[in-house]
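Written out below as structure tokens is the structure these notes cover.
Worth knowing before you read on, the calculation uses all heavy atoms, side chains too, and leaves out hydrogens, waters and symmetry mates. In what follows, chains are A, B, ... by sequence order, proteins preceding strands, each numbered from 1.
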2 protein chains.
Amino acid sequence: MDDDAVFRALADASRRQLLDRLYQKDGQALVELCEGLAMSRQAVAKHLAILEAANLVSWRRVHREKLHFINPLPINRIAERWIAKFERRHLSALSALKKSLEGDGND
Amino acid sequence: MDDDAVFRALADASRRQLLDRLYQKDGQALVELCEGLAMSRQAVAKHLAILEAANLVSWRRVHREKLHFINPLPINRIAERWIAKFERRHLSALSALKKSLEGDGND
DNA sequence: GTGCCACGTAACCATTCGGTTGCCTGTTTA
DNA sequence: TAAACAGGCAACCGAATGGTTACGTGGCAC
């Protein structure tokens with residue numbers, strides 16, 4: 001279960017904020033992600049390493065910059081496998097519709 | 001943001017397991033929830049307290065037993081506010097339909 | 001070529017976390 | 001009424017967490 005890594009990575013508000021930033025603008029370098037945060041660059045790098053380990057963020061080196069990219073797949077997997085289970089209780093009709101739509105393969 | 005409490009509560013595998021157990025059978029007492037877990041009763045009680053604080057579990061006293069009940073609302077709220085955002089990238093058409101079905105009307 | 005800039009690594013620190021043990025209170029039940 | 005049972009409370013402990021400071025490395029620009 002590396003779902004655990006994802007849950008743990010999402011448990012920290014600073015890391016969720018970093019994901020938020022990457023969601024708003026993908027492919028940011030480390031220094032860029034640090035701007036405005038009350039945290040040292042090294043602390044941000046540690047958070048990003050944890051997000052990486054959970055496969056929520058990947059990166060690519062461009063010259064001397066390390067550009068970070070968000071990967072929503074683990075979150076979706078958790079949403080599907082875990083959260084949908086609880087949602088089903090309340091939104092069974094909607095969920096059924098959702099599932100049938102997903103079966104249609106529209107994207 | 002008490003979303004933070006929910007994320008943190010979900011970050012621990014033991015707590016997710018407890019939620020799973022309550023999902024399978026709601027209204028269990030403390031000793032019942034302890035069965036088969038490699039953990040003391042007090043440890044389980046602490047986990048349940050954290051789930052309570054995150055509003056994921058509520059309880060009712062019946063005689064000398066403390067019966068626990070699962071509350072999926074915080075999970076749904078997170079799914080709506082946070083996870084759907086990432087999902088939207090991939091399933092934008094579906095998400096729009098889902099939103100309109102929920103009467104959100106927000107695009 | 002020198003210095004700045006983006007990043008990496010490592011040591012260190014305080015706090016939180018997950019768990020324990022020990023003991024106490026109250027409620028059933030034999 | 002005594003014992004067993006469900007749970008509460010608090011002290012304690014090691015390890016993980018979130019952060020810092022200090023210093024090292026390599027690319028790019030002047």
Side-chain angles (χ1 to χ4, degrees), chain A residues 1-22 25-71 74, chain B residues 1-22 25-71 74:
Chain A
M1 304 287 178
D2 75 338
D3 271 7
D4 195 62
V6 180
F7 275 111
R8 286 193 116 85
L10 292 177
D12 187 88
S14 300
R15 286 193 287 270
R16 293 198 300 276
Q17 194 182 354
L18 285 172
L19 283 182
D20 249 338
R21 288 194 166 208
L22 285 178
K25 181 183 173 191
D26 212 9
Q28 293 186 67
L30 178 54
V31 272
E32 204 173 349
L33 285 168
C34 289
E35 285 168 18
L37 296 186
M39 224 186 312
S40 69
R41 171 182 55 85
Q42 287 89 338
V44 174
K46 281 190 187 180
H47 282 307
L48 286 170
I50 290 170
L51 291 170
E52 265 179 55
N55 202 29
L56 285 162
V57 160
S58 58
W59 55 273
R60 192 172 66 229
R61 168 133 276 137
V62 175
H63 305 304
R64 61 178 173 180
E65 291 188 333
K66 187 185 184 186
L67 304 186
H68 298 81
F69 300 87
I70 199 170
N71 176 24
Chain B
M1 305 291 175
D2 75 338
D3 271 7
D4 195 63
V6 179
F7 275 111
R8 285 194 119 82
L10 292 177
D12 186 88
S14 301
R15 286 193 287 270
R16 293 197 300 276
Q17 195 181 353
L18 285 171
L19 282 182
D20 250 338
R21 289 193 166 209
L22 284 179
K25 181 184 173 191
D26 212 10
Q28 293 186 67
L30 178 54
V31 273
E32 203 173 351
L33 285 169
C34 290
E35 284 167 18
L37 296 186
M39 226 187 308
S40 69
R41 172 182 55 85
Q42 288 89 336
V44 174
K46 280 191 186 180
H47 282 307
L48 287 170
I50 290 170
L51 291 171
E52 266 180 56
N55 201 28
L56 285 163
V57 159
S58 58
W59 54 273
R60 193 171 67 229
R61 167 130 275 139
V62 175
H63 305 303
R64 64 177 173 182
E65 291 188 332
K66 187 185 184 185
L67 304 186
H68 298 81
F69 300 87
I70 199 170
N71 176 25

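- Tested against B/E32, the residues B/R21, B/K25, B/E65 include a single side-chain contact (heavy atoms from CB on, under 4.5 Å) partner, B/K25.
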*Verdict with reasoning, B/Q17 to B/L37, per side-chain contact (heavy atoms from CB on, under 4.5 Å)*: CA-CA 10 Å; B/Q17 195 181 353; B/L37 296 186; 3.4 Å; yes
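- Checked against D/dG7, C/dG26, C/dT21, the side chain of B/R64 finds its nearest nucleotide in C/dG26.
- Where B/A29 and A/H63 meet DNA chain D, the nucleotide closest to each residue was compared, and B/A29 sits on the side nearer the 5' end.
- Following rounding to the nearest Å, A/L30 (CG) and D/dG27 (P) show an atom-to-atom distance of 18 Å.
- Separating the NE2 atom of A/H68 from the P atom of C/dG8 is a distance of 7 Å, rounded to the nearest angstrom.
- Ranking C/dC7, C/dT20, D/dA6 by closeness to the B/E65 side chain, first place goes to D/dA6.
- Listed candidates were C/dG18, C/dC17, D/dG19. Nearest to the side chain of B/R8 is C/dC17.
- Atom NE2 of A/H47 and atom P of C/dC7 are 17 Å apart (whole Å).
- Atom CH2 in B/W59 sits about 17 Å away from atom P in D/dA6, given to the nearest Å.
- Residue A/R61 places no side-chain N or O under 4.0 Å from the OP1 or OP2 atom of C/dC7.
- Proximity of A/D2 to A/V6: side-chain heavy atoms (C-beta onward) are nowhere separated by under 4.5 Å.
- Remark: P of D/dG19 and CD of A/Q17 are 11 Å apart, rounded to the nearest angstrom.
- The phosphate of C/dG19 has neither OP1 nor OP2 within less than 4.0 Å of any side-chain N or O from B/S40.
- In this structure, A/D12 atom CG and C/dT15 atom P are separated by 18 Å, rounded to whole Å.
- Taking the side chain of A/K66 as heavy atoms from C-beta on, and the options C/dT21, C/dC17, C/dG8, the nearest nucleotide is C/dG8.
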*Take B/L19 and B/L10 through the test side-chain contact (heavy atoms from CB on, under 4.5 Å) and record every step on the way to the result.*
CA-CA 9 Å; B/L19 282 182; B/L10 292 177; 3.7 Å; yes
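- Whole-Å rounding puts the A/L37 CG to D/dT20 C1' distance at 16 Å.
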*Please step through side-chain contact (heavy atoms from CB on, under 4.5 Å) for the pair B/R16 and A/D4, ending with a clear verdict.*
CA-CA 10 Å; B/R16 293 197 300 276; A/D4 195 62; 2.9 Å; yes
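- In this structure, B/E32 and B/K46 both approach DNA chain D, and ranking their closest nucleotides by distance from the 5' end singles out B/E32.
- Taking atom CG on B/L48 and atom C1' on D/dC9, their separation rounds to 16 Å, with Å as the unit.
- For A/S14, the listed nucleotide lying nearest its side chain is D/dG19; candidates were D/dG18, D/dA11, D/dG19.
- One N or O donor and one acceptor, one from the side chain of B/R41 and one from the base of D/dG8, sit under 3.5 Å apart.
- One cannot find a donor-acceptor pair under 3.5 Å joining the base of C/dG18 and the side-chain atoms of B/Q42.
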